[in-house]
Novice: 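Structure incoming, see below.
In what follows, every heavy atom counts, from backbone to side chain, and hydrogens, waters and symmetry copies are set aside.
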Amino acid sequence: GGTDAAGGGGIYCENSTATLNSSIVRENYIRGGLQILYGKYDVPGPIGLDAFGSGISALNSTLSIDKSHILQNICHGGPTMQFPLIGYEKCGDAYGGGIYNKNTLSNITNTKIEDNVASGSSTFGSVSPVVVEMPGNSLGGGISAEQSHLTLDNCLISRNKCIAGSNKYSGGGKYNGNALGGGIYN
């Protein structure tokens with residue numbers, strides 16, 4: 001929450017080496033920050049903040065996971081709101097409900113990655129004809145790997161979901177976010 005992007009609800013690794021063996025990373029929830037701006041007319045307008053890896057977030061790291069279970073983690077992009085409603089609003093994206101990797105070498109073996117969710121934020125809706133509202137995207141319900149090397153061996157990846165943000169109503173145009181890679185986005 002707060003005004004920052006969110007990452008690693010269960011485990012956060014940056015510029016490090018992490019090893020999980022016979023571990024459970026379960027029921028973590030993160031949400032990107034909420035931005036509310038009053039009286040700003042900047043175009044583009046406010047941007048909802050992104051959320052990265054509710055279970056595990058690894059940046060510029062080496063990650064080894066063996067005989068573990070990553071399950072029931074929820075990653076939700078942050079919303080945005082602007083008063084008065086003029087300009088452009090972009091809601092936050094969600095990357096990796098279970099695991100997010102960026103510039104990371106990951107070796108995952110004998111592990112279950114199940115029932116994780118990445119959900120892009122939906123717009124609150126505006127009746128103003130001068131606002132373009134862009135809902136958030138979701139990338140990788142189970143795993144999202146960006147500029148990373150990902151190796152999976154004897155893993156079960158099941159029942160993970162990506163949910164695109166929706167636009168409840170916008171006078172300036174109706175857009176929906178994208179949902180890519182329910183299990184893995186690489």
Side-chain angles (χ1 to χ4, degrees), residues 1-34 48-79 91-122 135-166 177-186:
T3 57
D4 296 324
I11 298 170
Y12 179 82
C13 308
E14 187 171 0
N15 300 315
S16 63
T17 298
T19 301
L20 279 74
N21 192 343
S22 301
S23 301
I24 297 172
V25 180
R26 180 179 185 173
E27 295 178 0
N28 297 287
Y29 176 83
I30 59 170
R31 181 179 192 137
L34 167 65
L49 300 169
D50 298 334
F52 302 91
S54 182
I56 301 169
S57 186
L59 309 169
N60 306 311
S61 296
T62 300
L63 177 65
S64 297
I65 303 173
D66 186 37
K67 298 178 190 133
S68 296
H69 203 167
I70 315 298
L71 74 154
Q72 300 170 347
N73 298 288
I74 299 172
C75 180
H76 197 277
C91 291
D93 298 331
Y95 298 84
I99 301 170
Y100 172 75
N101 290 334
K102 183 170 184 179
N103 299 320
T104 293
L105 172 63
S106 292
N107 292 303
I108 304 172
T109 56
N110 306 308
T111 294
K112 294 180 181 179
I113 301 168
E114 301 178 296
D115 301 310
N116 298 289
V117 177
S119 178
S121 185
S122 295
N137 301 307
S138 62
L139 305 155
I143 301 171
S144 181
E146 185 178 350
Q147 302 166 357
S148 294
H149 181 83
L150 175 65
T151 301
L152 300 166
D153 184 26
N154 196 34
C155 293
L156 174 66
I157 300 172
S158 69
R159 298 183 310 267
N160 298 288
K161 296 179 186 174
C162 272
I163 302 169
S166 64
N178 296 305
L180 304 170
I184 300 173
Y185 178 81
N186 191 2

Novice: Kindly give the heavy-atom pair with the smallest separation between G120 and H76, and that separation in Å.
Specialist: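 Heavy atoms of G120 and H76 come nearest at O-NE2, 4.2 Å.
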Novice: I want to check something: taking the side chain as every heavy atom from C-beta on, are L20 and T111 in contact at a cut-off of under 4.5 Å?
Specialist: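 Contact flag for L20/T111 side chains = no.
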Novice: Using the side-chain contact (heavy atoms from CB on, under 4.5 Å) rule, pick out the option among I157, I143, I70, D153 that qualifies with I108.
Specialist: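 Result for side-chain contact (heavy atoms from CB on, under 4.5 Å) with I108: I143.
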Novice: Is any side-chain heavy atom of S148 closer than 4.5 Å to one of L150?
Specialist: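 No; the side chains remain at least 4.5 Å from each other.
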Novice: With rounding to the nearest 0.5 Å, note down the distance linking OG in S106 to CD1 in I56.
Specialist: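 The CD1 atom of I56 is 8.5 Å from OG of S106, to the nearest 0.5 Å.
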Novice: Is the backbone of G98 close enough, under 3.5 Å, to the side chain of N73 for a donor and an acceptor to pair up by distance?
Specialist: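 Checking the backbone N and O of G98 against the side chain of N73, no donor-acceptor pair under 3.5 Å is found.
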Novice: Please round to the nearest 0.5 Å and tell me the distance separating atom OG1 of T104 and atom CG of N60.
Specialist: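 Between T104 OG1 and N60 CG, I get 6.0 Å after rounding to 0.5 Å.
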Novice: Main chain of L105, side chain of T62: is a donor-acceptor contact present, judged purely on distance under 3.5 Å?
Specialist: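 Not confirmed, T62 side chain does not pair with L105 backbone.
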Novice: Which pair of non-hydrogen atoms, one from S54 and one from I74, has the smallest distance, and what is that distance?
Specialist: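 Shortest heavy-atom separation between S54 and I74 comes out as OG-O, 2.9 Å.
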Novice: Taking all non-hydrogen atoms of both residues, which atom of S138 and which atom of A118 are closest, and how far apart?
Specialist: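 Between these two residues, the closest heavy atoms are CB-O, 3.2 Å.
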Novice: Indicate the atoms forming the closest heavy-atom contact of N21 with K67, along with that distance.
Specialist: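 Closest approach of N21 to K67, heavy atoms only: OD1-CB, 4.2 Å.
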Novice: For residues C75 and G53, report the shortest heavy-atom separation together with the two atoms involved.
Specialist: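 In this case the closest contact between C75 and G53 is SG-N, 3.9 Å.
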Novice: So for atom CD1, which belongs to I24, do other residues, nucleotides or ligands contribute more than 12 heavy atoms lying within a distance under 6.0 Å?
Specialist: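 Open.
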Novice: Identify the heavy atoms of Q72 and N116 that sit nearest to each other, and give their distance.
Specialist: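 Heavy-atom minimum between the residues: N-OD1, 3.4 Å.
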Novice: Enter the distance from R26:CZ to S68:OG here, rounded to the nearest 0.5 Å.
Specialist: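 Going from CZ on R26 over to OG on S68, the span is 14.0 Å.
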Novice: Report yes if some heavy atom in the side chain of I99 is under 4.5 Å from a heavy atom in the side chain of I65; otherwise report no.
Specialist: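 Yes, their side chains come closer than 4.5 Å.
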Novice: Rounded at 0.5 Å granularity, tell me how far CD1 in I113 sits from CG in L156.
Specialist: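 Those atoms lie 9.0 Å apart.
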Novice: Side chains of L180 and N137: closer than 4.5 Å at any heavy-atom pair?
Specialist: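 A side-chain contact is absent here, since even the closest heavy-atom pair is not under 4.5 Å.
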Novice: Could you label the plane-to-plane angle of the F52 and Y100 rings as parallel, tilted or perpendicular, counting under 30° as parallel and over 60° as perpendicular?
Specialist: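 F52 vs Y100 ring planes: tilted.
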Novice: Keeping the roles fixed (side chain from D93, backbone from L139), state whether a donor-acceptor pair exists under 3.5 Å.
Specialist: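 Such a contact is absent between D93 side chain and L139 backbone.
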Novice: Side chains of T109 and D66 only: does a donor on one sit below 3.5 Å from an acceptor on the other?
Specialist: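 Yes, D66 and T109 have a side-chain donor paired with an acceptor closer than 3.5 Å.
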Novice: Taking atom NZ of K161 and atom CG of D115, what is their separation to the nearest 0.5 Å?
Specialist: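 K161 atom NZ to D115 atom CG measures 8.0 Å (nearest 0.5 Å).
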Novice: Starting from the C-alpha separation in whole Å, work towards a yes-or-no answer on side chain to side chain contact (heavy atoms under 4.5 Å, CB included) for K112 and L71.
Specialist: CA-CA 8 Å; K112 294 180 181 179; L71 74 154; over 6 Å; no
